[in-house]
Amino acid sequence: MPSLRQFFSHRLIWLALLVSLGIGALFARSVWTIRSDEWNYAIQTNTNLAQTLERSLVWALDSYDKSLLGVAREVSRPEVWALPQDLRSRVVFDNSLRMLGAGDVLVLDAKGDLILDSGSAVPRKANLADRDYFKAFQTGAHEGLFIGKPVPSRVTGLNVLPLSRAYHHPDGSFAGVVVGALRLSFLNELFGSLDLGANSGVNLFGGDGVVISRFPYGDADVGKTIAGSSSFLRFQREVNGTFVGPAALDGVQHLYAFRKVGDYPLILNVAQAADTILSKWYRSALVLGGFALLLMIACVGLALLFVRELALRQKVSAQLREAEHDVRTILNNLPSMVGYWDAQLRNRFANKAHFEWFGIPPERLRGVHFSELVGAERFAANEPFLRRALQGEPQLFESTLRDVHGTPRHIIISYVPDTEGGSVRGIFVQATDISERKRMEEELFDEKERVRLTLQSIGDAVVCSDAQGRVTYLNPVAEQLTGWQAFDAAGHGVDEVLSLRSADQDALQPSPLRLAIDRVTAVEAVRGIVVHRSTGQRFQVEATASPITDRHGAVTGAVAVLRDVTEAVVMAERMAHLAQYDALTDLPNRVLLQDRAQLAIVQARRDGRSLAVIYLDLDGFKGVNDRLGHDAGDVLLVQFAQRLQTAVRASDTVCRQGGDEFVVLLPGLDGAEPACVVARKILRACDEPFVLAGNPVRMGLSGGIALYPQHGDTFDALSRHADSAMYAAKRDGRMRFMLYQGPDAAPEVVLRDAAGSSAP
C-alpha cells in the first residue's frame, strides 16, 4: 500500500510540473506577442507624427521665406527709399508677413544698424552686426535663406530662431540684411498638442547639432549642442528613419523617429522613452505573469498538498497535535531561534524567531532546505559544522549574520544531533543573539587596547596600583626604569617596586601613589631618584600621581607617571659648569675668578692679611700654533694648565684668561715672598719640555704679580697692575716674573729663569 501511494504521488508531482511549465510557456508567448505589437505600433505612430510635424514646419518656413524674399525685393528698389517713411513701411511690410508664430521683420543696413522695423513706425535702436547671419552675408559666404542659431532677440527679448536674407544695391553690392524671427514659443505651441508620456518629447536641432527646441522641456536646453554624439551622427547620416538609443542630454533610452526638415538645415525627431512605450505592456505582463505564476504554483502546490496529505493521513492524531502545540508554544516564546532539520537538512520545525530574523513565517519553512534559508554563501560556511553534527558530533560555535531588517547580529549556534539506534535522524538547531554582549566585550577590549597602546607608546613611565597599593600594571618605560617586568611586579607593593630616594641624602621619600590613595587627590610633581632593580643604575625622575575612583567616588587604585629627567639634570649641571669653567682646560673662567677674588679680598681685609694676583703668558705660543697647528696648541694649553694646578695650593685659583694667558689668585699671604715661592714653582713647571705631536717642545713663561692691598684694593685694579707687570717682563727678556711697584715706578724683577734668584 505505501509503495502504491508513492507511485501515484511521484506521477502526480511530475504531471503538475509539466502542466505548470505548459501554462508558463503559453503565457510567456502571449506576453511577448503583446510586446511586439506595442513596439511596432509605437514605431508607426511616431514615424507618422514626425512626418506630419516636418511638413508643418516646411510649410511655415516656406511661407515665411517667401515673405522675407518679398521684403528683400522691395528694399532693393531705390524708389522705395524715396517714399515717405510710413508709406515705405506699408509697401515693404504688407499683410503677407502676418503669420502665426512670426516675430517682427527687421531691415539692417550694410553696417548692421536697424533701419526698418515691422513692429514700430519709428525703427528701434539696435545693431546686429555681430550676429552669425549678418557676418555670413557680409562676407559673401552664404546666399539664399540663412537660419541662424536660436538667440534672445535684442529688440523684443524673446527667444527666437532668426531667418534672414540679404538684399543688394542695383549694382549688385551688399546693401544689408532682412531678418525675421520665428518665436520658439511657436514651436512649443506647435508641439504642445502632443502627449508622448514621461521622458518623451519632440526635438528640433540645427544642422550643426545646436538645440533649437525641446518639448516639453522648455528653453533650458536651447543653444546647447549634441554635435558629435552617436545619436546626432546617425541623424546626419541617415536623414530619416527610426532607431533606439540613449539621449545625448539626459541619457534616457528612447525610440527615435527622425526626419530632415525639407531642404532646410534642420532635423526633427520624435523621441519617446522606451519605458513609456512599454509601460502598458509592463502592467499587462505583470498581471499575466502573476496569474500564470499563481496557476503554476497552485498546480504544483495542490499536487504537493495532496501527496503530503496522502503520506500523513494515518499518522495524525489529536494527542500528537496537542503535544506539538504545547512544544511550539514553549519554543515560540524562547529568546532564541530554535528549529529541527532532518538528515537531508530540510526543516521539520521552526519557532517564530525565524520570522524576526529571516522574515519567513515558521509555517513557510517546513520542508525548506537549510541552504534556501541562509543562502549559498552562509550555507557553505556552516556546512562543515552540519556535516559533523550529522555524524553525531555536537557543535557549538559563534557566527554573524544580517537579518531581514539589515541589522547585524552576532549569534552563538549549537547543533545537537537527534540519534536513534546509532543513526542520526536530524539536528536540533538553536541560535541565540549575543550581539549586545559581544558589543560590550568589543567596546571593553577596544578601550583597553587603546589604553594599552597609549601607555606603551608614551615616553614616560606609568605605574598603576589597586586601592591597597599593590602594583597592577607597568608600561615598557616603567619596566626599563625600575628593572621589574610587568608580570613579575604584579601583586607587589608599590614601595617595593617603585621607591623614590632624595637626590642629596639618598633617603627614602613618601610614595606618590600611596599619598594619592590616602588623600584621594592628585599629588603634584616631586623630584627623586629611582634605582634600577638589577643594574643599580640611578635615574632622576619627576613623579606625579592621581587616584582612580569609581562613579561613586570610591578609590579603586592610583596611577603614577614618572618622567626621566636624568639627562636634563646632567645637562643643567653641565651648563652651570660651562658657565664658570673654561671649556678647553676645565679651569675656572674669569666669572668664577672674580667671585673668588671678591671673597678673598673680603677675607684678607677682615684678617689683615695679603693676597696676590699673578698674570702668566706663554712665550712663543704663536710659533707653536704656526708650526704644529692649533690642535697642538690646544694640547699645550691643557698640559700647561695641569702643571699650573700641581704648582699651587689647593686654596689657590688658576684661571685661563684667554688664548695663552692665565691668572693665578693666591689668597691668605703674608707679603710678597710667598707669592715669589709660588712663582718659582710655576717657572720650574716649565723646565720639562712639553710633548706635542710626538715632539718635545720647550716653552718660556713671563709673569706679573700685584699684591693686595699695596697695589690696589679691587680685583680690577690688581688685574690691570699684574697685567702691566707681565708685559714689562715680556719686554725685558721673558722667562721671568716682575712685581708691580706703582704707577710711577717700573716693575721689579723678582724671579729670573729657572736657575735665577729672587730680588725682593
Side-chain angles (χ1 to χ4, degrees), residues 18-58 187-205 209 211-218 220-221 226 229-261 266-300:
L18 289 175
V19 172
S20 299
L21 292 175
I23 294 172
L26 179 62
F27 274 92
R29 175 63 181 172
S30 300
V31 168
W32 187 254
T33 301
I34 294 172
R35 184 190 186 282
S36 299
D37 293 342
E38 287 282 350
W39 193 259
N40 293 333
Y41 178 75
I43 293 175
Q44 182 179 3
T45 301
N46 290 346
T47 302
N48 294 338
L49 179 59
Q51 185 176 6
T52 301
L53 293 175
E54 183 261 339
R55 290 177 179 174
S56 298
L57 280 176
V58 170
L187 298 176
N188 291 333
E189 293 171 1
L190 179 63
F191 304 148
S193 59
L194 305 177
D195 184 9
L196 299 175
N199 297 321
S200 306
V202 180
N203 305 306
L204 182 63
F205 303 100
V211 178
I212 296 174
S213 174
R214 292 191 78 216
F215 177 83
Y217 305 104
D221 296 324
I226 63 169
S229 65
S230 59
S231 299
F232 189 75
L233 292 175
R234 191 163 182 178
F235 295 157
Q236 290 178 314
R237 184 173 63 252
E238 299 182 11
V239 182
N240 59 69
T242 61
F243 68 91
V244 178
L249 293 176
D250 56 18
V252 177
Q253 199 78 4
H254 288 88
L255 169 64
Y256 288 105
F258 62 95
R259 296 184 65 84
K260 187 175 184 297
V261 179
L266 300 172
I267 298 174
L268 174 76
N269 72 38
V270 176
Q272 190 172 16
D275 289 342
T276 301
I277 296 173
L278 299 176
S279 60
K280 293 182 180 179
W281 176 79
Y282 287 145
R283 291 193 292 271
S284 300
L286 183 63
V287 173
L288 292 175
F291 185 65
L293 182 63
L294 182 63
L295 288 177
M296 295 170 66
I297 293 175
C299 184
V300 175

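Since the model is a prediction, treat every value here as computed from it, not as a measurement.
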* Asked: Can you tell if the side chain of Leu57 reaches within under 4.5 Å of the side chain of Leu53, non-hydrogen atoms only?
  -> no
* Quick one: list whatever passes side chain to side chain contact (heavy atoms under 4.5 Å, CB included) with Ile297, sequence neighbours left out. => Leu293
* Asked: OG1 of Thr242 to CG of Asn269: how many Å apart, nearest 0.5 Å?
  -> 12.0 Å
* Asked: Nearest 0.5 Å, what's the CZ-CG distance between Phe291 and Leu295?
  -> 4.0 Å
* To do: Starting at CD1 of Ile212, measure out to CZ of Phe205 and round the result to the nearest 0.5 Å.
  => 9.5 Å
* With Arg234 via side-chain hydrogen bond (donor to acceptor under 3.5 Å, both in side chains) - residues at least two apart -> Glu238
* Asked: Taking only residues two or more places apart in sequence, or in another chain, which ones meet Phe258 in a ring pair (Phe, Tyr, Trp, His ring centres under 6.0 Å)?
  -> Phe235, Phe243
* Non-neighbouring partners of Ser230 that pass side chain to side chain contact (heavy atoms under 4.5 Å, CB included), sequence neighbours left out -> none
* Closest approach of Tyr256 to Gly245 (non-hydrogen atoms, all atoms of both residues) -> CE1-O, 3.5 Å
* Rounded distance [0.5 Å steps], CG in Asn203 versus CZ in Phe232 -> 11.5 Å
Which atom pairs, donor and acceptor, lie under 3.5 Å between side-chain atoms of residues 32-45 and protein residues at least two apart or in another chain?
residue	atom	partner	partner atom	Å
Thr33	OG1	Arg29	O	2.9
Ser36	OG	Trp32	O	3.2
Asn40	ND2	Ser36	O	3.2
Thr45	OG1	Tyr41	O	2.8

* Could you list the residues that satisfy side chain to side chain contact (heavy atoms under 4.5 Å, CB included) with Ala50, not counting sequence neighbours? => Ala257, Arg259, Val270
* **Residue pair Val31 / Trp281, side-chain heavy-atom distance below 4.5 Å** => yes
* Closest approach of Ser231 to Pro246 (non-hydrogen atoms, all atoms of both residues) -> OG-O, 3.2 Å
